[in-house]
Amino acid sequence: MTNYLKYIVRSILLVFFQVFILNNIDLFGFMNPFLYVVFILILPFKIKHTPLVILSFLMGYFVDLLSGNIMGIHAASAVLLGFLRPSIIRLVSSSQSDYENKYAPNAISMGGKWFFTYAGVLVFVYNLSYFFLEHFTFSGFFKTIFIAIANTAFTLLAIFIYEYLRNRRSSR
Amino acid sequence: MQNLIAFLWKYLTVIVFLLLYVFSIVLIVQDSNFQRRAMVTTANQFSGSVLQRWDNVSGYFHLKSKNEYLALHNALLLNRDPSSYIITSDSVFTTNDTLYRQQFNYKVAKVISNSTGKQNNYLLINKGRNQDIQPDQAVLSPQGIVGIVKDVSDNFSSVLSLLHSDARISAKVLRNGYIGTVIWDGKDYRFGKLLDIPYHLEIKVGDTVVTSGYSTVFPENVQIGTVQGVKPNINDNFYDLKVQFFTDFNRISEVYVVKNNFKTEIDSLTSKYKK
């Protein structure tokens, strides 16, 4: 039960941090790290696929609702991320035993290389979806791809800092 | 029937995913309509008050440049003040209210949230319905045009920026009065486009573009920008003109909201033809 509470508090804090701090960074006019997706990334391995998709949608939907941007754009990207998560876990693991007896994806328990390949692929998918939906056209195709790549790097940096602080606290 | 349920159960995740995804896309497409309207009254009230607190703090860091702007604008106004002129003739001036009826009222508002990097940008200002702000009023900055009020809540309004794919401003070239339309192409927040000027007319780099006054929203001769590039459009007989905006959209903090006192009267007249 305390575990559920922990995830609820974490999701609320991440959404608020995303909306009121990170969405105002606007580095070079367009770059904001989408740190809140880390919530979806570090949900336990054993979560069922359908609740995962619904949870992802809700996270994206609340970020949309509070940030006053185009409605539905985070929700669509997040639901895609949640849907693809199990396939990507299988893809980046060499065998099922890699994650069978682990609790949740995490840079310490799974190893930094595994975790950042996994996070990198999903965050890139998220950014691609986000920026193509925002521009809503395929004109300027390579510019959009470039923006997505740059913002993926920025988001991964934020996730790295988040994971570092989280693991340092828990190891103490 | 049982087979159908078994089938649905097997693909439950895929179905849920597709439903939610399609729902999100519908939200994006319909964004400009009811969704935004519902949101501006609830979520914006909340995030608006937080953003305003934040702006109260961050405002201090821009005081110097703010003061420069204000001084500049004060000087501009003092130049127009009657006390700055020496009367050189003996004529007597009288003002008559029945001849000079005020058409535009200006109100000052503060910008509490703004963006320039997106394809569709909005501003949030700290005045709303209680301060007599209504949708479709013009928003100007000391340098020039900013946008149009889109939605109002009790104490806040969201403004459709000129940097929005739906923004179309009726404009004219100040030097010779040719009429065109100013839009933003979504690339650089400093530049827009002036369309609908036929190719046989003479346009030079450096020409000033101002509002035409043909809409009921903007007063006439509000500055928009200067022409930076003159190119013929290959596909038709119109120019492809690049316009550099006077307003620095990255540094807007104080804006004027303009109310046209005759708007309802003019609109009721023209609405007869539009149907």
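Side chains included, hydrogens not; waters and symmetry mates left out as well; all remaining heavy atoms used.
The side-chain hydrogen bond (donor to acceptor under 3.5 Å, both in side chains) search around A:Tyr103 returns A:Asn3, not counting sequence neighbours.
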Inset, instruction - Check the pair B:Leu27 / A:Asp64 against side-chain contact (heavy atoms from CB on, under 4.5 Å), numbers first and verdict last. - result: CA-CA 10 Å; B:Leu27 284 187; A:Asp64 274 333; 6.0 Å; no
Legend entry - Trace of the side-chain contact (heavy atoms from CB on, under 4.5 Å) decision for A:Tyr61 with B:Ser24: CA-CA 8 Å; A:Tyr61 187 77; B:Ser24 308; over 6 Å; no
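Top candidate by heavy-atom pairs under 4.5 Å with chain A, chosen from B:Leu20, B:Val16, B:Val22, is B:Leu20. Taking A:Ala76, A:Gly60, A:Ala78, A:Pro51 one by one and counting their heavy-atom pairs under 4.5 Å with chain B, the maximum is reached by A:Ala76. In terms of non-hydrogen atom pairs under 4.5 Å with chain B, the most contact-rich of A:Val79, A:Leu80, A:Ile73 is A:Val79.
Within a 6.0 Å radius of CG in B:Asn67, more than 12 heavy atoms belonging to other residues, nucleotides or ligands are found. In the displayed structure, A:Phe45 atom CZ is contacted under 6.0 Å by more than 12 heavy atoms of other residues, nucleotides or ligands.
For B:Phe23, the part lying near chain A is the side chain, with the backbone staying farther off; criterion is any non-hydrogen pair under 4.5 Å. Heavy atoms closer than 4.5 Å to chain A are found in both the backbone and the side chain of B:Val14.
Rounding to the nearest 0.5 Å places OH of B:Tyr21 at 4.5 Å from OG of A:Ser129.
By the 4.5 Å heavy-atom criterion applied to side chains, A:Leu52 and B:Thr13 are not counted as neighbours.
The two residues B:Lys187 and A:Lys143 make their nearest non-hydrogen contact at O-NZ, 4.4 Å.
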